[in-house]
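Before any comments, here is the structure.
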Protein chains: 2
Amino acid sequence: MARSSRQSVTIRHVAAEAGVSLQTVSRVVNNEPNVRPQVRERVMEAVKKLGYVPSLAARRMGGSRSYLILALNDRDRTIEGWQLGQGSDWIDQMLYGGMLACAERGYRMIFELIDTHSAHVEREVNAALSSLRPDGVILTPPHSDNPAIIDLLVKQHMPFARIGSDDASAGFAIRMDDGAAAQAATEHLIGLGHRRIGFIAGSEEYRLSGARTDGYRAAMAAAGLPVAEGLVQPGDFSFESGEAAMRAYLALPEPVTAVIASSEQMALGALHVARDRGVDMPAELSLVSFDDTPAVRFSVPPLTAITQPIAPMTAKAAELLIDAASGKESEPGVHVIPFALAVRRSSAAPGG
Amino acid sequence: MARSSRQSVTIRHVAAEAGVSLQTVSRVVNNEPNVRPQVRERVMEAVKKLGYVPSLAARRMGGSRSYLILALNDRDRTIEGWQLGQGSDWIDQMLYGGMLACAERGYRMIFELIDTHSAHVEREVNAALSSLRPDGVILTPPHSDNPAIIDLLVKQHMPFARIGSDDASAGFAIRMDDGAAAQAATEHLIGLGHRRIGFIAGSEEYRLSGARTDGYRAAMAAAGLPVAEGLVQPGDFSFESGEAAMRAYLALPEPVTAVIASSEQMALGALHVARDRGVDMPAELSLVSFDDTPAVRFSVPPLTAITQPIAPMTAKAAELLIDAASGKESEPGVHVIPFALAVRRSSAAPGG
DNA sequence: ATGAAAGCGCTAACAG
DNA sequence: CTGTTAGCGCTTTCAT
């Protein structure tokens, strides 16, 4: 352990130490066959003694793999989230699931911010791919359904996983069952005795918005409840759109007794308006959020929420891509990850 | 833009397209001198036309730089934060400041989780360094003052920045003035009319804990207020230790009218206990938090808090390291980044 | 089962 | 100002 200079240990040093060729060291390090147990042992000792760890860059240069998984996130949304610090922990959960899954397999996850709306999406994605040459790409919403990005990836034969997408035509799709989740939230409220339940829809830019609205409608229909005019309000996932929706509900001739917001920010916006107007929650109004974030848990009252399995989805995405890069063919198609409903004080039987 | 195969554009293709040598392309791409404007122009056009972006790995292999900055975070704390999802956005703010500062300079920030307490710290750090060969390392608390890590970095001549450290003996130290911040928080309360102010100290594993306590004592002393027995309570940054401290305050014969917690989690723990006991805030008790996180802003009441400039500190760290890697000698020593005090409803004049 | 040779895409060092 | 020559540390052939 005396090595302490700037010059680091390379495969050469290990080969010399063990008295074998570079090749043999490479084989041992990569767990390849055709090495006698005895020699393997000797090499592993040398590796350990010298503290050898292969250089990522050199591995990428020599071989075909880069041991890198690239996650692409929407620049504007991500930066806005960071600036506002409003407690969406999407990135954190993505890192949690993705980084650990990668680390377990000797991979590394890097993430990049990409402008969806920019005319330069292709240029930006291309730049990241060219620079990093990852073994796989993880797409998060709204990139998961961006045709420009998908086309690019397909053309380059770059394996990719699409989080929150149900499009199985290319790449791996990994999602939770958004429809079932909205349905579960709706059923939860119906079970509590609610009959006039509002639903704040999400941005149509995201495919999952439609699925959620459909799930809500399905649950209402199954219970024989009409979806009256004004019960479904448009939204764009923003706090403001949640506020606007709640104002609309409060202006309805016949009031709603419960509201489901298909995003955390919209739930908080709705909560804000309701509280401002002195609505007693949950006595007069129950509220359910999609997305179980810190802000939702710390709000007053704490909100009942659908827990999106962001970490497990990202972990699954990383696994699939690494398996693919390792030659293991995994089943393509849509992988559905279970969600959960966290029941908190914001939902109760109507009237108290 | 017809290139669409897997095989990507290399410096060769650009050289051929522009009719110059590889070297000239390299010079242009790296903004080096000794290229006629005319030729430079021609090369830039070829680069643009082919969509050429240099390979990170190849750059690292050929040259002396890797264009990578490595940020080291504490594994246990980080993972715990992700699991609990309690809304500490340290990682987010670090990424915000660090990634963008790196991106502006053509660098990339990668972050790794390292076990501080493990006997393998050195092995873990070494592995990350050997694999990535970054141009600089950013240390975050508690790594910033970990002698094993510092020694390793110094021995390897690896430039590094220490966030939240005031130790200027090696590397760049980047910090906010923790003492002044605690002092400002204390003065804020004194200005409101408080005289018996409690201070929940942080873990002694972190050097900044002492600075904060000192700042509190200094402000008290400057105002001629005694720091009576029991006013300073020990803590370890955890929610539980905040709860314990608040219980201790409530058990004091002569009650405190205000409390400063030197971490967000302790503030929330203290708030939890106070609310449970029916303490009216801020009428009966004012509370100030260190760390202006989402949870703090969404709590009831929203907490007055010291805003730690995590993003600016990380950005500064990245800048210094990249400048160093680029040959620009920057002033060593301690870089102090301004903090702010966000006044919210949790602090008011005593008694009402 | 092992080793030798070639080369990945770039930059450093040197020639001109 | 510009081009040529060597590698960087690995993995991939291909021999042995």
Side-chain angles (χ1 to χ4, degrees), chain A residues 6-43 46-47 50-68 106 127 129-133 135 325-327, chain B residues 6-43 46-47 50-68 106 129-135 325-327:
Chain A
R6 66 176 322 103
Q7 196 50 36
S8 36
V9 188
T10 75
I11 198 171
R12 288 193 122 73
H13 305 154
V14 179
E17 173 78 27
V20 296
S21 72
L22 302 190
Q23 217 26 246
T24 303
V25 177
S26 177
R27 289 197 183 95
V28 171
V29 168
N30 292 299
N31 260 310
E32 279 165 19
N34 297 336
V35 183
R36 265 182 314 174
Q38 201 184 114
V39 176
R40 187 178 294 273
E41 181 78 10
R42 196 143 41 90
V43 171
V47 165
L50 301 178
Y52 169 71
V53 177
S55 152
L56 237 205
R59 271 182 135 178
R60 152 70 219 167
M61 286 302 290
S64 42
R65 296 211 262 170
S66 66
Y67 296 91
L68 246 36
L129 294 181
S130 300
S131 174
L132 263 11
R133 315 288 164 89
D135 291 343
S326 313
Chain B
R6 67 179 317 104
Q7 197 50 36
S8 38
V9 188
T10 76
I11 199 171
R12 287 194 122 73
H13 305 152
V14 180
E17 173 79 25
V20 296
S21 72
L22 302 189
Q23 213 28 244
T24 302
V25 177
S26 177
R27 288 198 182 95
V28 172
V29 168
N30 293 299
N31 260 312
E32 279 166 19
N34 297 337
V35 183
R36 265 183 313 172
Q38 200 183 115
V39 176
R40 188 177 293 273
E41 182 77 10
R42 197 142 41 91
V43 171
V47 165
L50 301 178
Y52 169 70
V53 176
S55 150
L56 237 204
R59 274 183 133 176
R60 152 70 217 166
M61 286 303 290
S64 42
R65 298 211 261 169
S66 66
Y67 296 90
L68 247 35
L129 294 181
S130 300
S131 175
L132 264 10
R133 313 289 164 89
D135 291 343
S326 314

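Side-chain atoms are counted along with the backbone in the values below, which use heavy atoms only and exclude waters and symmetry mates. Letters A, B, ... are given to chains in the order of the sequence lines, protein chains preceding strands, and every chain is numbered from 1.
Within the structure, salt bridge (charged side-chain N to carboxylate O under 4.0 Å, His left out) pairs that include any residue of residues 21-34 of chain B do not occur (at least two apart or interchain). Evaluation of the salt bridge (charged side-chain N to carboxylate O under 4.0 Å, His left out) test over residues 11-21 of chain A, restricted to residues two or more places apart or in two chains, returns A/Glu17-A/Lys49.
Atom CZ in A/Arg60 sits roughly 9 Å away from atom C1' in C/dG9 (whole-Å rounding). Atom CD in A/Glu41 sits about 18 Å away from atom C1' in C/dT2, given to the nearest Å. Distance OH (B/Tyr67) to C1' (C/dC10): 10 Å, rounded to an integer number of Å. Put simply, CZ on B/Arg133 is 18 Å from P on C/dT11, counting in whole angstrom units. Note: NE2 (B/His13) to C1' (C/dC10) measures 13 Å, nearest angstrom. With rounding to whole Å, A/Ile11 atom CD1 is found 15 Å from C/dC8 atom C1'. When rounded to the nearest whole Å, the span between CG of B/Leu56 and C1' of C/dC8 equals 15 Å.
Contacts between residues 15-36 of chain B and DNA chain C, defined by a heavy-atom separation below 4.0 Å, involve B/Gln23, B/Ser26, B/Asn30, listed by number.
Minimum heavy-atom separation, B/Val53 to A/Arg133: O-NH2, 4.1 Å.
Looking at residues two or more places apart in sequence or on another chain, you find a ring pair (Phe, Tyr, Trp, His ring centres under 6.0 Å) between B/Tyr67 and B/Tyr107. Looking at residues two or more places apart in sequence or on another chain, you find a side-chain hydrogen bond (donor to acceptor under 3.5 Å, both in side chains) between B/Ser66 and B/Asp135.
With B/Val20 as reference, B/Val25 is the one residue of B/Val25, B/Val28, B/Val35 to meet the side chain to side chain contact (heavy atoms under 4.5 Å, CB included) rule.
Within the nucleic acid shown, A/Gly63 comes within 4.0 Å of sugar-phosphate atoms alone, with no base atom in reach, counting heavy atoms only.
End-to-end axis angle for the helix from C/dA1-D/dT16 to C/dG16-D/dC1, using five pairs per end and rounding to 10°, comes out at 40°.
For A/Val39, the side-chain atoms get nearest to C/dT2 when compared with the rest of C/dG9, C/dT2, D/dT2. Side-chain atoms of B/Arg59 lie closest to C/dC10 of the nucleotides D/dC10, D/dG9, C/dC10.
The side-chain heavy atoms of A/Arg42 and A/Thr24, taken from C-beta on, include no pair separated by under 4.5 Å. No side-chain heavy atom of A/Ser130 sits under 4.5 Å from any side-chain heavy atom of B/Val9. Using a 4.5 Å cut-off on side-chain heavy atoms (C-beta onward), B/Asn30 and B/Arg65 make no contact.
At C/dC10, one or more side-chain N or O atoms of B/Tyr52 fall inside 4.0 Å of OP1 or OP2 (strictly under the cut-off). Residue A/Ser55 places none of its side-chain N or O atoms closer than 4.0 Å to OP1 or OP2 of D/dC8.
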